[in-house]
Amino acid sequence: SLKSDFQDGAPLNGSSQRLPQTIIIGVRKGGTRALLEMLSLHPGIAAAESEVHFFDWEDHYGNGLEWYLSQMPYSFPHQLTVEKTPAYFTSSKVPERVYNMNPSIRLLLILRDPSERVLSDYTQVFYNHVQKHKPYPSIEEFLIKDGELNVEYKAINRSLYYFHMQNWLQYFPLDHIHIVDGDQLIRDPFPEIEKVERFLKLSPQINASNFYFNKTKGFYCLRDSGRDRCLHESKGRAHPQVDPKLLNKLHEYFHEPNKKFFELVGRTFDWH
Ligand code: A3P
(Lines give C-alpha, C1' and ligand atoms only; values in the text may rest on other atoms or scores of the structure.)
Protein backbone atom coordinates (compact mmCIF):
# COMPACT_ATOMS: atom_id res chain seq x y z
CA SER A 1 0.00 0.00 0.00
CA LEU A 2 0.94 3.64 -0.35
CA LYS A 3 1.22 3.83 3.40
CA SER A 4 3.94 1.30 4.16
CA ASP A 5 7.34 2.86 4.47
CA PHE A 6 9.07 -0.39 5.22
CA GLN A 7 9.82 -3.59 3.42
CA ASP A 8 11.10 -6.43 5.58
CA GLY A 9 11.85 -3.93 8.34
CA ALA A 10 14.08 -1.65 6.24
CA PRO A 11 13.03 1.82 5.10
CA LEU A 12 11.83 1.90 1.49
CA ASN A 13 13.94 3.63 -1.15
CA GLY A 14 13.20 7.31 -1.29
CA SER A 15 11.80 7.50 2.21
CA SER A 16 13.46 9.35 5.05
CA GLN A 17 12.72 10.79 8.46
CA ARG A 18 11.46 14.36 8.63
CA LEU A 19 10.64 16.73 11.44
CA PRO A 20 6.87 17.06 11.88
CA GLN A 21 5.08 19.60 9.70
CA THR A 22 2.16 19.35 12.09
CA ILE A 23 1.77 18.35 15.75
CA ILE A 24 -1.28 17.28 17.72
CA ILE A 25 -0.53 19.26 20.87
CA GLY A 26 -3.43 18.03 23.02
CA VAL A 27 -5.49 18.20 25.00
CA ARG A 28 -4.94 15.15 27.18
CA LYS A 29 -8.10 12.96 26.92
CA GLY A 30 -9.48 15.16 24.17
CA GLY A 31 -9.48 12.35 21.62
CA THR A 32 -5.88 12.75 20.48
CA ARG A 33 -5.42 9.07 19.62
CA ALA A 34 -8.67 8.94 17.67
CA LEU A 35 -7.63 12.04 15.74
CA LEU A 36 -4.20 10.63 14.91
CA GLU A 37 -5.61 7.26 13.84
CA MET A 38 -8.29 8.86 11.71
CA LEU A 39 -5.85 11.23 10.08
CA SER A 40 -3.54 8.30 9.38
CA LEU A 41 -6.16 6.94 6.98
CA HIS A 42 -4.79 9.56 4.60
CA PRO A 43 -1.92 8.34 2.38
CA GLY A 44 -0.35 11.77 2.70
CA ILE A 45 0.15 11.37 6.44
CA ALA A 46 3.08 9.67 8.20
CA ALA A 47 2.42 9.48 11.93
CA ALA A 48 4.74 8.73 14.82
CA GLU A 49 3.18 5.79 16.65
CA SER A 50 3.96 6.68 20.25
CA GLU A 51 3.95 9.95 22.15
CA VAL A 52 7.37 11.51 21.72
CA HIS A 53 7.39 14.02 24.64
CA PHE A 54 10.22 15.96 23.05
CA PHE A 55 9.29 19.51 23.95
CA ASP A 56 7.98 18.82 27.46
CA TRP A 57 10.51 16.38 28.92
CA GLU A 58 13.86 18.01 29.74
CA ASP A 59 15.89 14.85 29.19
CA HIS A 60 14.36 14.48 25.72
CA TYR A 61 14.59 18.16 24.80
CA GLY A 62 18.22 18.19 25.91
CA ASN A 63 18.98 15.60 23.23
CA GLY A 64 18.27 18.19 20.54
CA LEU A 65 16.41 18.12 17.23
CA GLU A 66 18.56 15.30 15.91
CA TRP A 67 17.06 13.03 18.54
CA TYR A 68 13.57 14.32 17.77
CA LEU A 69 14.13 13.54 14.10
CA SER A 70 15.25 10.02 14.97
CA GLN A 71 11.84 9.44 16.63
CA MET A 72 9.95 10.26 13.44
CA PRO A 73 8.50 7.69 11.04
CA TYR A 74 9.99 7.19 7.58
CA SER A 75 8.03 9.16 5.04
CA PHE A 76 8.02 10.18 1.39
CA PRO A 77 8.51 13.78 0.27
CA HIS A 78 4.80 14.25 -0.54
CA GLN A 79 3.79 13.19 2.98
CA LEU A 80 3.28 15.24 6.12
CA THR A 81 4.89 13.93 9.28
CA VAL A 82 2.76 14.23 12.42
CA GLU A 83 3.35 13.38 16.04
CA LYS A 84 0.98 13.69 18.99
CA THR A 85 1.92 14.42 22.56
CA PRO A 86 -1.16 15.60 24.49
CA ALA A 87 0.92 17.06 27.33
CA TYR A 88 2.31 19.78 25.05
CA PHE A 89 -0.83 21.90 25.23
CA THR A 90 -0.66 22.42 29.01
CA SER A 91 3.11 22.70 29.34
CA SER A 92 4.13 26.36 29.48
CA LYS A 93 7.63 25.91 28.02
CA VAL A 94 6.45 24.11 24.93
CA PRO A 95 5.06 26.89 22.67
CA GLU A 96 8.37 28.75 22.54
CA ARG A 97 10.28 25.55 21.89
CA VAL A 98 7.99 24.53 19.04
CA TYR A 99 8.29 28.06 17.65
CA ASN A 100 12.08 27.83 17.74
CA MET A 101 11.92 24.64 15.69
CA ASN A 102 9.44 25.94 13.13
CA PRO A 103 7.56 29.24 13.56
CA SER A 104 5.19 28.47 10.68
CA ILE A 105 4.20 24.97 11.79
CA ARG A 106 0.49 24.05 11.73
CA LEU A 107 -0.86 22.83 15.02
CA LEU A 108 -3.82 20.61 15.81
CA LEU A 109 -5.65 20.91 19.11
CA ILE A 110 -8.56 18.65 19.98
CA LEU A 111 -10.79 19.79 22.84
CA ARG A 112 -13.86 18.41 24.51
CA ASP A 113 -16.24 19.59 27.20
CA PRO A 114 -13.89 20.65 30.04
CA SER A 115 -15.93 18.92 32.78
CA GLU A 116 -16.15 15.69 30.82
CA ARG A 117 -12.41 15.96 30.23
CA VAL A 118 -11.83 16.13 33.99
CA LEU A 119 -13.77 12.89 34.47
CA SER A 120 -11.87 11.27 31.63
CA ASP A 121 -8.55 12.44 33.08
CA TYR A 122 -9.46 10.97 36.48
CA THR A 123 -10.56 7.70 34.84
CA GLN A 124 -7.23 7.43 33.00
CA VAL A 125 -5.19 7.78 36.19
CA PHE A 126 -7.59 5.50 38.07
CA TYR A 127 -7.00 2.68 35.56
CA ASN A 128 -3.25 3.29 35.57
CA HIS A 129 -3.41 2.48 39.29
CA VAL A 130 -5.73 -0.49 38.85
CA GLN A 131 -3.27 -1.93 36.34
CA LYS A 132 -0.50 -1.72 38.93
CA HIS A 133 -2.81 -3.14 41.62
CA LYS A 134 -2.57 0.13 43.51
CA PRO A 135 -5.45 1.78 45.34
CA TYR A 136 -6.74 5.11 44.07
CA PRO A 137 -9.03 7.61 45.82
CA SER A 138 -12.55 8.28 44.58
CA ILE A 139 -13.07 11.25 42.28
CA GLU A 140 -14.87 13.14 45.06
CA GLU A 141 -11.65 13.10 47.08
CA PHE A 142 -9.97 15.07 44.30
CA LEU A 143 -12.87 17.33 43.44
CA ILE A 144 -13.78 18.45 46.96
CA LYS A 145 -11.66 20.29 49.49
CA ASP A 146 -13.17 21.79 52.65
CA GLY A 147 -16.62 21.40 51.17
CA GLU A 148 -15.71 23.43 48.10
CA LEU A 149 -14.62 22.56 44.59
CA ASN A 150 -10.90 21.86 44.76
CA VAL A 151 -9.62 24.01 41.93
CA GLU A 152 -6.02 22.95 42.66
CA TYR A 153 -6.83 19.53 41.24
CA LYS A 154 -4.53 19.16 38.25
CA ALA A 155 -7.24 17.72 36.05
CA ILE A 156 -9.26 20.89 36.56
CA ASN A 157 -6.31 23.09 35.65
CA ARG A 158 -5.77 21.15 32.44
CA SER A 159 -9.33 21.98 31.42
CA LEU A 160 -8.72 25.74 31.72
CA TYR A 161 -8.27 25.96 27.99
CA TYR A 162 -8.07 29.75 27.76
CA PHE A 163 -5.17 29.80 30.21
CA HIS A 164 -3.07 27.39 28.18
CA MET A 165 -4.20 28.77 24.82
CA GLN A 166 -2.89 32.21 25.77
CA ASN A 167 0.62 30.79 25.92
CA TRP A 168 0.32 29.36 22.44
CA LEU A 169 -1.10 32.54 20.98
CA GLN A 170 1.98 34.42 22.13
CA TYR A 171 3.92 32.46 19.54
CA PHE A 172 1.47 31.31 16.88
CA PRO A 173 -1.29 33.10 14.97
CA LEU A 174 -4.75 31.71 15.52
CA ASP A 175 -5.02 30.57 11.91
CA HIS A 176 -2.11 28.19 12.43
CA ILE A 177 -3.88 26.39 15.26
CA HIS A 178 -6.82 24.29 14.13
CA ILE A 179 -9.20 23.28 16.89
CA VAL A 180 -10.93 19.95 16.44
CA ASP A 181 -14.22 19.61 18.29
CA GLY A 182 -13.61 16.41 20.25
CA ASP A 183 -17.28 15.99 21.18
CA GLN A 184 -18.19 16.16 17.48
CA LEU A 185 -15.38 13.77 16.63
CA ILE A 186 -17.07 11.23 18.92
CA ARG A 187 -20.58 11.86 17.56
CA ASP A 188 -19.72 12.14 13.86
CA PRO A 189 -16.02 11.98 13.01
CA PHE A 190 -16.01 12.44 9.24
CA PRO A 191 -16.92 16.16 9.03
CA GLU A 192 -14.27 16.99 11.66
CA ILE A 193 -11.64 15.00 9.73
CA GLU A 194 -12.60 16.73 6.48
CA LYS A 195 -11.89 20.07 8.17
CA VAL A 196 -8.47 18.83 9.25
CA GLU A 197 -7.70 17.71 5.69
CA ARG A 198 -8.51 21.22 4.49
CA PHE A 199 -6.47 22.89 7.23
CA LEU A 200 -3.44 20.76 6.37
CA LYS A 201 -4.04 21.36 2.64
CA LEU A 202 -4.28 17.64 2.04
CA SER A 203 -6.26 16.37 -0.91
CA PRO A 204 -9.68 15.07 0.20
CA GLN A 205 -8.96 11.36 0.40
CA ILE A 206 -10.66 10.24 3.58
CA ASN A 207 -14.29 9.21 3.03
CA ALA A 208 -17.43 8.79 5.10
CA SER A 209 -17.13 5.07 4.31
CA ASN A 210 -13.89 4.94 6.32
CA PHE A 211 -16.02 5.22 9.49
CA TYR A 212 -18.71 2.97 10.87
CA PHE A 213 -20.48 3.06 14.20
CA ASN A 214 -19.72 0.00 16.33
CA LYS A 215 -22.66 -0.63 18.67
CA THR A 216 -20.67 -2.86 21.00
CA LYS A 217 -17.91 -0.30 21.39
CA GLY A 218 -20.35 2.58 21.43
CA PHE A 219 -17.95 4.60 19.25
CA TYR A 220 -17.03 5.00 15.64
CA CYS A 221 -14.40 2.59 14.37
CA LEU A 222 -12.25 2.71 11.25
CA ARG A 223 -12.55 0.85 7.98
CA ASP A 224 -9.39 0.90 5.92
CA SER A 225 -9.20 -1.13 2.69
CA GLY A 226 -11.70 -3.64 4.07
CA ARG A 227 -9.94 -3.87 7.42
CA ASP A 228 -12.08 -2.87 10.41
CA ARG A 229 -10.58 -1.67 13.64
CA CYS A 230 -11.65 0.13 16.76
CA LEU A 231 -9.43 2.06 19.13
CA HIS A 232 -7.89 0.28 22.10
CA GLU A 233 -10.27 -0.66 24.93
CA SER A 234 -8.71 2.10 27.05
CA LYS A 235 -10.33 4.61 24.69
CA GLY A 236 -14.01 5.16 25.37
CA ARG A 237 -14.22 4.06 28.99
CA ALA A 238 -17.15 4.67 31.33
CA HIS A 239 -16.63 7.62 33.66
CA PRO A 240 -17.45 7.62 37.38
CA GLN A 241 -20.92 8.64 38.52
CA VAL A 242 -20.62 12.03 40.17
CA ASP A 243 -23.21 13.63 42.43
CA PRO A 244 -25.21 15.97 40.14
CA LYS A 245 -24.66 18.84 42.58
CA LEU A 246 -20.92 18.43 42.40
CA LEU A 247 -21.06 18.07 38.64
CA ASN A 248 -23.05 21.27 38.53
CA LYS A 249 -20.34 23.01 40.54
CA LEU A 250 -17.83 21.87 37.99
CA HIS A 251 -19.97 23.15 35.12
CA GLU A 252 -20.38 26.49 36.88
CA TYR A 253 -16.68 26.75 37.56
CA PHE A 254 -15.84 26.40 33.89
CA HIS A 255 -18.47 28.85 32.70
CA GLU A 256 -16.29 31.99 32.80
CA PRO A 257 -13.05 30.39 31.59
CA ASN A 258 -14.99 28.85 28.69
CA LYS A 259 -16.40 32.25 27.76
CA LYS A 260 -12.88 33.67 27.82
CA PHE A 261 -11.71 30.83 25.62
CA PHE A 262 -14.49 31.42 23.08
CA GLU A 263 -13.48 35.08 22.89
CA LEU A 264 -9.84 34.16 22.51
CA VAL A 265 -10.45 31.85 19.55
CA GLY A 266 -13.46 33.63 18.05
CA ARG A 267 -15.56 30.52 18.11
CA THR A 268 -17.99 28.83 20.51
CA PHE A 269 -18.35 25.21 21.55
CA ASP A 270 -21.32 23.29 22.84
CA TRP A 271 -19.98 22.77 26.37
CA HIS A 272 -21.88 22.69 29.68
P1 A3P B 1 -12.84 8.36 27.32
O2 A3P B 1 -12.14 7.03 27.36
O3 A3P B 1 -12.78 9.08 28.60
O4 A3P B 1 -14.25 8.26 26.79
P5 A3P B 1 -7.02 10.57 24.21
O6 A3P B 1 -6.71 9.65 23.07
O7 A3P B 1 -6.62 11.98 23.95
O8 A3P B 1 -6.54 10.01 25.50
O9 A3P B 1 -8.59 10.65 24.32
C10 A3P B 1 -9.37 9.56 24.72
C11 A3P B 1 -10.81 9.86 24.38
O12 A3P B 1 -11.03 9.78 22.98
C13 A3P B 1 -11.78 8.86 24.96
O14 A3P B 1 -12.07 9.28 26.27
C15 A3P B 1 -12.96 8.93 23.99
O16 A3P B 1 -14.08 9.60 24.52
C17 A3P B 1 -12.42 9.75 22.82
N18 A3P B 1 -12.73 9.21 21.50
C19 A3P B 1 -13.03 9.97 20.43
N20 A3P B 1 -13.31 9.22 19.38
C21 A3P B 1 -13.20 7.93 19.77
C22 A3P B 1 -13.39 6.69 19.10
N23 A3P B 1 -13.74 6.65 17.82
N24 A3P B 1 -13.17 5.55 19.81
C25 A3P B 1 -12.83 5.61 21.11
N26 A3P B 1 -12.65 6.75 21.80
C27 A3P B 1 -12.83 7.91 21.14
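Just so you know, ligand 1 is whichever comes first in the structure, and atom 1 is the first atom listed for that ligand. Here, residue 1 is the first one in the sequence, and each next residue gets the next number.
- By the side chain to side chain donor-acceptor pair (under 3.5 Å) test, Glu197 is found to be paired with no residue, residues two or more places apart in sequence or in another chain being considered.
- Taking 4.0 Å as the cut-off between side-chain N and carboxylate O, Glu58 and Arg97 count as a salt-bridged pair.
- With sequence neighbours excluded, the residues forming a side chain to side chain donor-acceptor pair (under 3.5 Å) with Asp113 are His272, listed by chain and number.
- A side-chain donor-acceptor contact under 3.5 Å links Ser75 and Arg18.
- A ring pair (Phe, Tyr, Trp, His ring centres under 6.0 Å) check over residues 174-197, counting only residues at least two apart or in different chains, returns the pairs His178-Phe199.
- Closer than 4.0 angstrom to ligand 1 sit non-hydrogen atoms from Lys29, Gly30, Gly31, Thr32, Arg33, Ala34, Met38, Arg112, Ser120, Ile186, Lys217, Phe219, Tyr220, Leu231, Ser234, Lys235, Gly236, Arg237, His239.
- To the nearest 0.5 Å, the span separating CG on Asn63 from CG on Leu69 amounts to 13.0 Å.
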